[in-house]
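Written out below as structure tokens is the structure these notes cover.
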Amino acid sequence: MYNIDEWKHIFKLDPAKEISEDMIDKICESGTDAIIVGGTDHVTLDDVLQLLSSIRRHTVPVILEISNIESVTPGFDYYFVPMVLNSQQKKWMIDVQHEAIREYGDIVNWQEMYAEGYCIMNEQSKVFQHTDCKLPTEGGDAIAYARMAEHLFRLPFFYLEYSGTYGDSALTEKISRELDNTKLIYGGGIESKEQAAEMSQYADIIVVGNVIYNNPKEALKTVKATK
Ligand code: 1GP
């Protein structure tokens, strides 16, 4: 399979958003390490399948980040399962995942499944509201979540999520120092190669989303900045 340990850059495509085939081709051939297919709402099986078939014309690894049980389908290289550490509802930490495993547990290839411990830092974001999060106060809260991900749950990924806004690079650095075995994913508001370069000094992997739709040219430049 692929060497996830070497990944630095991922583009995240939202199945609910319009994108041209030409842009999908550019994203896939950009030198990025992988593509995540995932979004917060209006994610349908039809849209996921359509995006998957376009991406599959290329050799880049493709991951489904599971947002709802209805849109899960075979055909991806990996399945990333978010667990929202700072949600106030157990539902987003354990229950939706439990439901998915009850449904698909017999046919799952466990080698392809990875849990992501999400810490959602932007109160204004859809995902923060959707999963009923509580904003971690000061750095200490977020650092405690990172420590739980690394030492208590031994999760493969800790996802520092600022979705829609550029985050705190000092906090990202502090968190990166806490993590050895758990990989740090940073996502949110990266709109330029400078921001991509800054966050990838600290995060193992940066995820670039929105800017693909708002400023595709700049989006493509973020890849080189991480290498
Ligand atoms: C969203 O972390 C990703 O889940 C990327 O964030 O869309 O703000 O780039 P942006």
Side-chain angles (χ1 to χ4, degrees), residues 7-19 23-24 26-27 30 32-43 47-48 51 62-68 71 76 78-87 92 96 114-131 133 135-136 142 145-146 149 155-169 171-172 175-176 183-200 202-223 225-226:
W7 289 0
K8 293 291 297 165
H9 183 285
I10 293 180
F11 277 125
K12 191 184 279 195
L13 292 176
D14 186 339
K17 287 189 185 161
E18 287 287 322
I19 186 167
M23 190 58 199
I24 295 177
K26 288 192 172 118
I27 290 287
S30 63
T32 188
D33 296 303
I35 311 281
I36 288 180
V37 172
T40 302
D41 44 32
H42 312 299
V43 176
D47 291 340
V48 167
L51 204 46
V62 56
I63 301 153
L64 181 65
E65 186 172 60
I66 298 176
S67 45
N68 62 51
S71 60
F76 285 82
Y78 299 100
Y79 295 83
F80 283 7
V81 181
M83 301 169 76
V84 185
L85 303 176
N86 63 320
S87 172
W92 300 108
V96 290
Y114 289 84
E116 305 165 293
Y118 260 76
C119 183
I120 306 179
M121 303 294 294
N122 174 13
E123 276 182 296
Q124 309 307 323
S125 65
K126 254 192 287 180
V127 64
F128 186 99
Q129 287 153 17
H130 183 72
T131 58
C133 281
L135 191 68
Y145 283 127
L155 295 176
F157 297 109
F158 181 76
Y159 195 131
L160 192 63
E161 171 69 292
Y162 281 90
S163 181
T165 190
Y166 190 65
D168 179 344
S169 60
L171 177 61
T172 309
I175 286 179
S176 76
K183 290 199 171 302
L184 174 58
I185 300 179
Y186 170 86
I190 293 179
E191 291 183 338
S192 66
K193 53 182 191 303
E194 291 76 19
Q195 290 173 331
E198 180 176 42
M199 286 305 184
S200 63
Y202 313 124
D204 294 293
I205 298 172
I206 61 158
V207 175
V208 175
N210 258 321
V211 70
I212 299 167
Y213 303 91
N214 303 336
N215 192 349
K217 256 184 147 173
E218 276 305 309
L220 292 168
K221 290 184 194 158
T222 62
V223 178
T226 64

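Computed from heavy atoms alone, side chains included, the values below leave out hydrogens, waters and symmetry copies. Indexing begins at 1, ligand by ligand and atom by atom, following the structure's order. Along the sequence shown, residues carry numbers from 1.
- Considering every non-hydrogen atom in both Thr131 and Ser87, the closest pair reads O-OG, 2.7 Å.
- No side-chain donor from either of Glu65 and Tyr78 sits under 3.5 Å from a side-chain acceptor of the other.
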Residues 212-219 side chain polar contacts: donor-acceptor under 3.5 Å, at least two apart:
from, atom 1, to, atom 2, distance (Å)
Tyr213, OH, Asp14, N, 2.9
Glu218, OE2, Lys221, NZ, 3.1

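- Legend: residues meeting salt bridge (Lys or Arg N to Asp or Glu O under 4.0 Å) with Lys193, ordered by chain and number and at least two apart, are absent.
- In this structure, ligand 1 sits under 4.0 Å from heavy atoms belonging to Lys12, Tyr159, Glu161, Ser163, Gly164, Gly187, Gly188, Gly189, Val207, Gly209, Asn210.
- Remark: Phe11 pairs with His9 by the ring-ring contact (aromatic ring centres under 6.0 Å, His included) rule, at least two apart or across chains.
- Aromatic rings of Phe157 and Phe80 (six-membered ring for Trp) have centroids within the 6.0 Å cut-off, being under it.
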